[in-house]
Visitor: 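Shown below is the structure under consideration.
This structure is a prediction, so every number in the text was calculated from the model and none was measured. Within every chain, numbering begins at 1; the chains are lettered A, B, ... in the order of the sequence lines, protein sequences first and strands thereafter. Values below: all heavy atoms of this structure, side chains included; hydrogens, waters and symmetry mates excluded.
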2 protein chains.
Amino acid sequence: MNDDAMDLRARNKRATRDAISNAALRLAIEQGPSGLALVRVQDIASAAGVSPRTYNNYFSSREEAICALQADQSRRAGQALRARPAGEPLEQAVVAAMVELYTDPEPDRAGLRMIMSTPELEGEALKAFTMAEGPLAEAIAARTGADPARDLFPAVTAASVAGAVRVAGRHWLAPGNTDSFAAVLTRALSCAFRATPS
Amino acid sequence: MNDDAMDLRARNKRATRDAISNAALRLAIEQGPSGLALVRVQDIASAAGVSPRTYNNYFSSREEAICALQADQSRRAGQALRARPAGEPLEQAVVAAMVELYTDPEPDRAGLRMIMSTPELEGEALKAFTMAEGPLAEAIAARTGADPARDLFPAVTAASVAGAVRVAGRHWLAPGNTDSFAAVLTRALSCAFRATPS
DNA sequence: GCACTTGATGCGCGCCACGCAAGTTTGTGG
DNA sequence: CCACAAACTTGCGTGGCGCGCATCAAGTGC
């Protein structure tokens, strides 16, 4: 995962991929949620210094390219939870892991707003956040000794957590909100674990 | 919502829409998750007895057409919960509502498998299930007297419930499973409300 | 160095979403 | 009963896009 842990080929690949998704997100933000159709594949490719055909080797749709960074972050949810001390209670560990994962650094409002409140991106955005569920469920199962094949608890909890992250994002973007994302996220996760009014 | 509660125009529109989404889902199932690319817009349209252009007036992608029935079902989640007696405890009401909504009739294995385990449909499928969250959150807020603008609890709970439904579907489709969907769904929802190993 | 693997690019094809402008059906008021 | 207006369907044309295929260039292991 660290750069010097892979060969030149892999590093170049990752670099191009990052360049493309960064360019895609940046251009999308520039046009805003309403002008997404104006962001052409050609624009993304040339902004990333790459041919349109190459762009297409990495992503098979503009939506996927735009949401790729968010998806990559979500993929790290499992490892974030595993990084917590083994003795820590589940809820506490999950909250700490998610707060660390999603608030380092504090998310970019424009980017998150672009992803979360553009209708054409809704499907990809959901995929991006849902991407956390698999790894998270595995990490939860490992931590609690549950059997992922029989117990529904790990997968359901992972889904609840991912859902809480989404809801927290939406609430954080709402006009008039002044709290830090960490605070909102903590509140949302606490709801997910209690499922009772807070 | 009832057929005779709308004029001819509305009924015809709904009929066309249903014809298209049914045709889309049927054709997709026939080709299986691997052959989705073989289902052309032209095929869906002619199977539904409608022109390709008309198909496009109802849906803006094949994926959307295929998942439309699932999406419509999810949209009814709010009303399903509101139909429960007012005094009933939240968890009990939610479980009853979801079981009634999603197991009447028992879901079609081929259809659900098509939707839930076809990579190209992942985004639309997530949208379809997530579509339940908004109405559900409103119904939960109404039932508990929470303020949707300030309290995260309704939205987070709705997201947990929708997630549990998805997880239940995946588990129910898993090879070797013999339980009824109602049973799996009940178990999943109970996990969502407790967030502790069952 | 040299053969081999892997990624980047150009080209071309089939498909698709959608604006536009008829043509056709449905609902309404005289 | 009829004409008119609103709404739906359809055909056509256009701009993009996803992707297979063949080729070229860069990186890798011996």
Visitor: Between C/dA17, D/dA26, D/dT10, spot the one nearest the side chain of B/V50, thanks.
Guide: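 From the listed options, D/dT10 comes nearest.
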
Visitor: With the side chain of A/V41 defined as its heavy atoms from C-beta on, choose the nearest nucleotide among C/dC16, D/dC17, C/dT9.
Guide: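 For the A/V41 side chain, the nearest candidate turns out to be D/dC17.
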
Visitor: Keeping the roles fixed (side chain from A/E100, backbone from A/A96), state whether a donor-acceptor pair exists under 3.5 Å.
Guide: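 No; judged by distance alone, with no hydrogens or angles, the pair does not exist.
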
Visitor: Side chain of A/Y58, heavy atoms from C-beta onward: which of D/dG18, C/dG7, C/dT26 has the nearest atom to it?
Guide: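 Selected nucleotide (nearest to the side chain): C/dG7.
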
Visitor: Between C1' on D/dG15 and CG on A/D43, what's the gap in Å once rounded to a whole number?
Guide: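 So the CG-C1' distance, A/D43 to D/dG15, works out to 14 Å.
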
Visitor: For A/N56 and D/dG20, what is the distance between atoms CG and P respectively, to the nearest whole Å?
Guide: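 My rounded result for the distance is 9 Å.
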
Visitor: For A/R62 and D/dG18, what is the distance between atoms CZ and P respectively, to the nearest whole Å?
Guide: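 Computing the A/R62:CZ to D/dG18:P distance gives 7 Å.
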
Visitor: Separation of B/I66 atom CD1 from C/dC16 atom C1', in whole Å?
Guide: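 Result: 14 Å.
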
Visitor: For the side chain of A/R9 and the base of D/dT28, is some donor closer than 3.5 Å to an acceptor across the two?
Guide: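 A donor-acceptor contact between them is absent.
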
Visitor: What heavy-atom pair brings B/H171 and A/A149 nearest, and what distance separates the two atoms?
Guide: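 B/H171 and A/A149 have their closest heavy atoms at CE1-O, 3.5 Å.
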
Visitor: Could you check which of C/dA8, C/dT5, D/dC12 has an atom nearest any side-chain atom of A/T16?
Guide: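 Taking heavy atoms from C-beta onward, the closest nucleotide is C/dA8.
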
Visitor: Specify the separation, in whole Å, of atom CD of B/Q42 and atom C1' of C/dC16.
Guide: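 One finds 12 Å between C1' of C/dC16 and CD of B/Q42, rounded.
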
Visitor: In this structure, how many angstroms lie between the C1' atom of C/dG7 and the CZ atom of A/R14, rounded?
Guide: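 The distance from CZ of A/R14 to C1' of C/dG7 comes to 16 Å, rounded to the nearest Å.
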
Visitor: Of the nucleotides C/dC11, D/dG16, C/dG7, which has the atom closest to the A/R40 side chain?
Guide: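 The listed nucleotide nearest to A/R40's side chain is D/dG16.
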
Visitor: Please report the shortest heavy-atom distance between B/A80 and B/L101, naming the atom on each side.
Guide: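 Here B/A80 and B/L101 meet closest at CB-CB, 4.3 Å.
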
Visitor: Could you tell me whether A/F59 contacts a base, only the sugar-phosphate backbone, or nothing, with contacts defined as non-hydrogen atoms closer than 4.0 Å?
Guide: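 No contact.
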
Visitor: Looking only at heavy atoms, which two atoms of B/M131 and B/A71 are closest? And how far apart?
Guide: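 In this case the closest contact between B/M131 and B/A71 is SD-CB, 3.9 Å.
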
Visitor: So, for A/V161 and A/V94, which heavy atoms are closest and what is the spacing to 0.1 Å?
Guide: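 Nearest pair, atom of A/V161 first, then A/V94: CG2-CG1, 3.8 Å.
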
Visitor: OP1 or OP2 of D/dC8 sitting under 4.0 Å from any side-chain N/O of B/K13?
Guide: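 Yes, such a contact exists.
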
Visitor: In terms of side-chain heavy atoms of B/T54, which of D/dT9, D/dG18, C/dA17 is nearest?
Guide: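 It is D/dT9.
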
Visitor: Any donor-acceptor pair, under 3.5 Å, between the side chain of A/R53 and the base of D/dG20, if you only look at N and O atoms?
Guide: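 It does, because a donor-acceptor pair links the side chain of A/R53 to the base of D/dG20 below 3.5 Å.
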
Visitor: Starting the side chain at C-beta, find the nucleotide from D/dG11, C/dA8, D/dC8 nearest to A/N57.
Guide: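 For the A/N57 side chain, the nearest candidate turns out to be C/dA8.
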
Visitor: How many Å lie between CD on B/E63 and P on D/dG18, as a whole number?
Guide: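 So the two atoms are 12 Å apart, to the nearest Å.
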
Visitor: Check every atom of C/dA17, C/dT9, C/dT6 against the side chain of B/S60 and return the nucleotide holding the closest atom.
Guide: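 Output: C/dA17.
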
Visitor: Do the side chain of A/R11 and the base of D/dG27 come within less than 3.5 angstrom through a donor-acceptor pair of N or O atoms?
Guide: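 Result: no qualifying N/O pair found.
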
Visitor: I'd like to know if A/E133 pairs up with B/R166 as an ion pair, taking the criterion as any Lys NZ or Arg NE/NH1/NH2 lying under 4.0 Å from an Asp or Glu carboxylate oxygen.
Guide: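 Looking at A/E133 and B/R166, the cut-off is met.
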
Visitor: In whole angstrom, give the distance that lies between atom OH of A/Y55 and atom C1' of D/dC19.
Guide: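 Roughly 12 Å, once rounded to whole Å.
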
